[in-house]
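Below: one structure, written as structure tokens.
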Amino acid sequence: EGERRGDHEEPPVCQRRQGLLLEDVLHPVGRGLQEAGPPDPVGTVPVLHPGADLALHQGEQGHALAGAVAPEQTVGQAIRDLSPDQITADLNAVADYVSKLPASNGKIVVTGYCWGGTQSFRFATNRPDLKASFVFYGSAPMTGTGAERMIDKATFAKINAPVYGFYAQNDARINETPPKTIEAMTELKKAFDPVTYEGAGHGFMRAGDAPEPVAPVAKGEKEADDKAMADYQKALTAYKANKKARDDAWARWKKLLAGV
């Protein structure tokens, strides 16, 4: 509740890059939670946003990533320009900070979506004490470019935590990587548990939380009405698949978190 009121402590590090304020702690814990804490200390979960999508940071925290709220194109470019080493340093700053809060038991897991999902997987190769990585429609670390792009198998050897994948059936670009990731992780005896959600599309955790599509009102023009109804049925089918995927993934995620 303190966080919702904006009653929170400043993050330990703020760095300005490409004209954006990227805070190493995106969602500071409310003072009340820091001072009193829950009955028992709990694990902490840094959440990594999609590449250029600020919709996950709603309400008073909406400015935490983008400062005075820059255009999405600027945000996306700034994020793409970050070096892997800078991203790792920022995530380590978050993990070090939150793991020492009074409300924390010291356990750190990470989760992310799209670009954030990919970074969650990569963080597992860089953080030895990470307890788990939850990857929502993100790929494993890659090496090379263009046709030479491939799974960066060498980095998998550094993974100590189990990696859990949450993938959409209708997501061709991302779905190229899990089979090769399974093969490499199995060979190295690393834990990788991916689930693909039937009928869902990329970004189903947000799409499945959107309002249900509304049926169109007939206007008496057959061709236009037929098209509007066909579009509605297509949108409704996608919505139902995304909602089920979101509900199932949310239940799975909470169960896995409880076991950490």
Side-chain angles (χ1 to χ4, degrees), residues 1-6 8 23 25-30 33 42-66 69-73 75-76 79 94 109-121 132-139 163-175 178 193-216 228 230-260:
E1 289 301 320
E3 181 184 2
R4 291 193 184 94
R5 292 192 304 268
H8 59 261
E23 295 186 0
V25 176
L26 301 182
H27 291 281
V29 178
L33 180 58
V42 294
T44 49
V45 190
V47 178
L48 310 185
H49 55 84
D53 190 346
L54 306 185
L56 291 177
H57 308 284
Q58 295 179 359
E60 295 176 3
Q61 288 76 41
H63 68 284
L65 176 65
V69 187
E72 275 195 4
Q73 295 90 338
V75 175
I79 290 172
V94 173
V109 305
V110 66
T111 190
Y113 307 86
C114 187
W115 177 88
T118 297
Q119 297 306 323
S120 294
F121 205 135
S133 175
F134 301 97
V135 180
F136 286 81
Y137 27 89
S139 68
V163 178
Y164 300 94
F166 299 73
Y167 297 102
Q169 183 182 33
N170 300 325
D171 195 358
R173 179 179 64 85
I174 294 298
N175 288 347
D193 182 12
V195 171
T196 299
Y197 295 89
E198 183 178 356
H202 188 86
F204 62 79
M205 288 300 285
R206 187 173 117 182
D209 196 36
E212 182 174 336
V214 177
D231 290 346
Y232 163 71
Q233 291 296 343
K234 182 178 179 180
L236 183 62
T237 298
Y239 166 78
K240 288 181 177 180
N242 286 327
K243 185 177 187 309
K244 185 178 188 308
R246 183 188 189 281
D247 291 346
D248 291 349
W250 183 248
R252 178 191 177 215
W253 187 32
K254 288 195 294 184
K255 183 177 180 180
L256 290 169
L257 282 172
V260 173

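- Distance check: Ser139 OG to Trp115 CH2 gives 12.0 Å after rounding to the nearest 0.5 Å.
- A distance of 8.5 Å separates CG of Asn170 from CG of Asn242, quoted to the nearest 0.5 Å.
- Across all their heavy atoms, Ala241 and Gly199 have their closest contact at CB-O, 3.2 Å.
- The distance from atom CG of Leu236 to atom NZ of Lys243, rounded to the nearest 0.5 Å, is 12.0 Å.
- Residue pairs meeting the salt bridge (charged side-chain N to carboxylate O under 4.0 Å, His left out) criterion with at least one partner in residues 249-259, sequence neighbours excluded, are Asp193-Arg252.
- Qualifying salt bridge (charged side-chain N to carboxylate O under 4.0 Å, His left out) partners for Asp248, counting only residues two or more places apart in sequence or in other chains: Lys244.
- Between Phe204 and Phe166, the ring centre distance reaches or exceeds 6.0 Å.
- Taken from OH in Tyr239 to CZ in Arg246, the straight-line distance is 10.0 Å, to the nearest 0.5 Å.
- Heavy atoms only, all atoms of each residue included: Ser120 and Gly112 are closest at OG-N, 3.0 Å.
- Taking OH of Tyr232 as the reference point, atom OG1 of Thr237 lies at 9.5 Å (rounded to 0.5 Å).
- You'll find the side chain of Val135 reaches within 4.5 Å of the side chain of Tyr167, heavy atoms only.
- Between atom OH of residue Tyr164 and atom OG of residue Ser133 there is a gap of 10.5 Å, rounded to the nearest 0.5 Å.
- Between Asn175 and Gln169, the closest heavy-atom pair is ND2-O, 3.2 Å.
- Here the closest heavy-atom approach between residue Ala249 and residue Tyr197 is recorded as CA-OH, 3.5 Å.
- Heavy-atom neighbours of Glu198 CD from other residues, nucleotides or ligands within 6.0 Å: at or below the threshold of 12.
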